[in-house]
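What you see is a predicted model, and the numbers here were worked out from it, not measured in a lab. Each chain gets a letter, A, B and so on, in the order its sequence line appears, and its residues count up from 1. Just so you know, these numbers use all the heavy atoms, side chains as well, and skip hydrogens, waters and symmetry mates.
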There are 2 protein chains.
Amino acid sequence: MAKISDVAALAGVSASAVSRVLSGDPSLRVSASTRERVIAAAKELAYVPNHAARSLRTSRSRTIALVVPDVNSAVFAELASGAEDEAASRGLAIVLARAERLTDGSDWLRRMLGEARIDGVILQLPDGPSTIDLESMAVGGTRIVVINSLDSGQFSTVVLDDAAGIRTAVEHLRAAGHTEIGLVGGHQDSATGRRREASFLAVIREAGLPVRNQWITDFGYSGAEGRAAMEVIAANGAIPTALVVANLNAALGVLATASTLGLRVPTDISIVALHDVWYADATWPPITTVRMPLSQLGATAVARLMDGDPTSITHDTVSSPEPVLVVRQSTDLPRQSRK
Amino acid sequence: MAKISDVAALAGVSASAVSRVLSGDPSLRVSASTRERVIAAAKELAYVPNHAARSLRTSRSRTIALVVPDVNSAVFAELASGAEDEAASRGLAIVLARAERLTDGSDWLRRMLGEARIDGVILQLPDGPSTIDLESMAVGGTRIVVINSLDSGQFSTVVLDDAAGIRTAVEHLRAAGHTEIGLVGGHQDSATGRRREASFLAVIREAGLPVRNQWITDFGYSGAEGRAAMEVIAANGAIPTALVVANLNAALGVLATASTLGLRVPTDISIVALHDVWYADATWPPITTVRMPLSQLGATAVARLMDGDPTSITHDTVSSPEPVLVVRQSTDLPRQSRK
DNA sequence: CTGAAAGCGCTTACAG
DNA sequence: CTGAAAGCGCTTACAG
């Protein structure tokens, strides 16, 4: 590959001048013709600055890590797309890693940071009790943005507007006439889980609807945990006429177990889930969801990571575009209003 | 962060010695006590070599790009996991990119390569007519491994054993008594599409079963294309008693459209799809699949990219572990043998 | 066997 | 306003 001295030689100027012209140094006053010669020479040689050299010189890698608990998750693909687009438009590369690289005994992130290979980390904490030593990550002033999990604390955070999502789901059910509404929620030792449950309780109370503890579970967001939640709720006799499921993965488990238990959806129980995915049309019944702005979450996280003062802590909520209800066939009128 | 000269000073040796001890240079004969002092000093200072400096010196970035057409795809998550594990065990980082970064007008990959930011590329071509200028990617001896698409040509390739997968699917159907079997296949201008169709025809003919052109479609692997395929097959009057769907995404579309058209699965038609996903239990009916070794595909691609002579072209098929049939509820006896 | 020195390709204070 | 020079932190041929 051509290097900067090749461009300088072809243009008949110094390497310094080439660097400054190409980087758009505003303090540079060079004649228009010189500038053009430099640009033409760079183009002719298809010059691209060597990343390692620039990185060594500037101490910036222009690379960030995206660390997620589960590449399989319903939310990952859209999140990653949003982050990737924003990163690409800024000339950043995104390195992919699963959260297990962060658990005790793995020095993956420590190495990546120590090697100065990444400038920052976008981190989605796993649901449930954390096995990640967050403190030890805050080494050497590393920029960290925690997404879709924490919403306060010593790290910058970006979260979805969970309250708006939950409200959209509940209001859809209320509009259909439901008054007995349960929640299949996330772990209460994770911030999203607490946030979504608190939002749910607030909306239900505000509407003057009954809150029944046996209609509320907090097993978590996986399909298996959704199954467990449905089993527990069904075992309690008086089951609600509708469920809000705080995550689509769990909702698939809820659907499967409802079917196994002979509960017809939506005839016996209506189900609405947070997060829309492309295959929601192929579940049975096709599941009604609330589409959350995951792509924007990813993009915002990249922006927060790179913009502004690295030492300032910000806590953002992505509230635009608003959650959108996607009505499919898992929600209907409540049982008692049928005949 | 500590640098090599800090370690050298603490250990009382030269930077050269530190570099050689830490990199395990075999030609180095240093006293055991010196070696220990160096290692102890590096540990004490938590020394990690600066990646940019090493990269600049060695002209190796120890980073590879994983370029896939669709992060949303049913196959991506497992593929990425396998690649990531293999990469992490080799101290490589994986940069994520969607194939649209490669289409005309985008110079993303050219930049990444030109900047010497990546050592190689694992590339899954999009299904359908290629909009990617493969030739122009072969710049500066870049290592490229094309996966799950091409199986010959000027680039090294790694593919799944599509023939074994298709055979597993067909034999499951034959064992249930099906003789009228169709294929919902991929585009015939993509290599996987051709490979899977050819395998299907070979197995069907070998079994002495009839081949009917109207039972075979080649719309592609997306959910929407699966819908179109089911519509076309259903419109043809004599529909087969079973379908092999060459990709799970398409199978979800097939299921949805079968339901819309009033075709009961598996009572009226059995469906078996290539690729298993975690949410297959939540489709309706839960879909019978053939699990392909996608994780191994990813790992093998990383190995092929990094090992051996960069200029040699290899064409590999991942045939271990073998495709595994996962029987769920979308397959049953054929219609006529029911009563 | 070990260390001093060169050099990878940039950017940027500094001198002219 | 422009260029020469230093230096980012490594690795490795070379000299001793």
Side-chain angles (χ1 to χ4, degrees), chain A residues 1-39 41-42 45-63 91 111-117 119 140, chain B residues 1-39 41-42 45-63 91 111-117 119 140:
Chain A
M1 293 300 306
K3 50 193 180 185
I4 201 166
S5 58
D6 298 330
V7 178
L10 183 59
V13 295
S14 70
S16 321
V18 173
S19 175
R20 288 192 265 240
V21 166
L22 261 33
S23 70
D25 182 342
S27 73
L28 179 69
R29 296 272 173 89
V30 74
S31 72
S33 82
T34 302
R35 180 185 301 273
E36 276 165 28
R37 254 185 306 130
V38 168
I39 290 172
L45 298 174
Y47 171 71
V48 182
N50 177 281
H51 181 255
R54 171 182 281 185
S55 188
L56 176 61
R57 182 56 226 243
T58 61
S59 304
R60 309 259 78 196
S61 66
R62 301 200 64 72
T63 302
R111 281 197 67 90
M112 293 291 286
L113 291 169
E115 289 177 341
R117 207 158 164 172
D119 291 339
Chain B
M1 293 301 306
K3 50 193 182 184
I4 201 167
S5 58
D6 298 329
V7 178
L10 183 59
V13 295
S14 70
S16 320
V18 173
S19 175
R20 288 192 265 238
V21 166
L22 262 34
S23 70
D25 183 342
S27 74
L28 180 68
R29 297 270 173 91
V30 74
S31 73
S33 82
T34 303
R35 181 185 299 273
E36 276 164 27
R37 254 186 306 131
V38 168
I39 291 172
L45 298 173
Y47 171 71
V48 182
N50 177 282
H51 182 255
R54 171 182 281 185
S55 189
L56 176 59
R57 181 55 224 245
T58 60
S59 303
R60 309 259 77 195
S61 66
R62 300 201 65 72
T63 302
R111 281 197 66 91
M112 292 292 284
L113 291 169
E115 289 177 342
R117 208 158 164 172
D119 293 336

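Residues A:Tyr47 and A:Asp6 form no side-chain contact, since every pair of their non-hydrogen atoms from C-beta on lies 4.5 Å or further apart.
For A:Arg20 and D:dT2, the CZ to C1' distance is 7 Å, given to the nearest whole Å. Rounded to an integer number of Å, the gap from CG of B:Asn50 to P of C:dG9 is 17 Å. Atom pair B:Leu56:CG and D:dT12:P shows a separation of 13 Å (rounding to whole Å applied). Atom C1' of nucleotide C:dG7 and atom CZ of B:Arg54 are separated by 17 Å, given to the nearest angstrom. Counting to the nearest Å, the P atom of C:dC8 and the CD1 atom of B:Ile4 are 19 Å from each other. The nearest whole Å value for the distance from the CZ atom in A:Arg37 to the P atom in D:dT2 is 10 Å. Separating the NE2 atom of A:His51 from the P atom of D:dC10 is a distance of 17 Å, rounded to the nearest angstrom. Distance CZ (B:Arg60) to C1' (D:dC10): 16 Å, rounded to an integer number of Å.
Looking at the side chain of B:Ser16, the nearest of the listed nucleotides C:dC10, C:dG3, D:dC10 is C:dG3. Distance from the side chain of A:Ala53 is smallest for C:dG9 among the nucleotides C:dG9, D:dG9, D:dA4.
For B:Ser14 and B:Thr58, each mapped to the nucleotide of DNA chain C holding its nearest heavy atom, the one lying further toward the 5' end belongs to B:Ser14.
In terms of modelled atom types and a separation under 3.5 Å, the side chain of B:His51 and the main chain of B:Ser61 share a donor-acceptor contact. With hydrogens and angles ignored, the 3.5 Å screen pairs no side-chain donor or acceptor of A:Ser19 with any backbone N or O of A:Ala15. A donor-acceptor pair under 3.5 Å is absent between the side-chain atoms of A:Asp119 and the main chain of A:Arg60, judged by distance alone.
Between the base of C:dG9 and the side chain of B:Arg57 there is no donor-acceptor pair shorter than 3.5 Å.
Pairing for D:dC14 goes to C:dG3, judged as Watson-Crick or G-U wobble with the two contacts each under 3.5 Å.
Defined by atom type and a distance below 3.5 Å, a donor-acceptor pair is present between the side-chain atoms of B:Thr63 and A:Arg117.
Note on A:Ser19: every side-chain N or O is 4.0 Å or more away from OP1 and OP2 of C:dC10.
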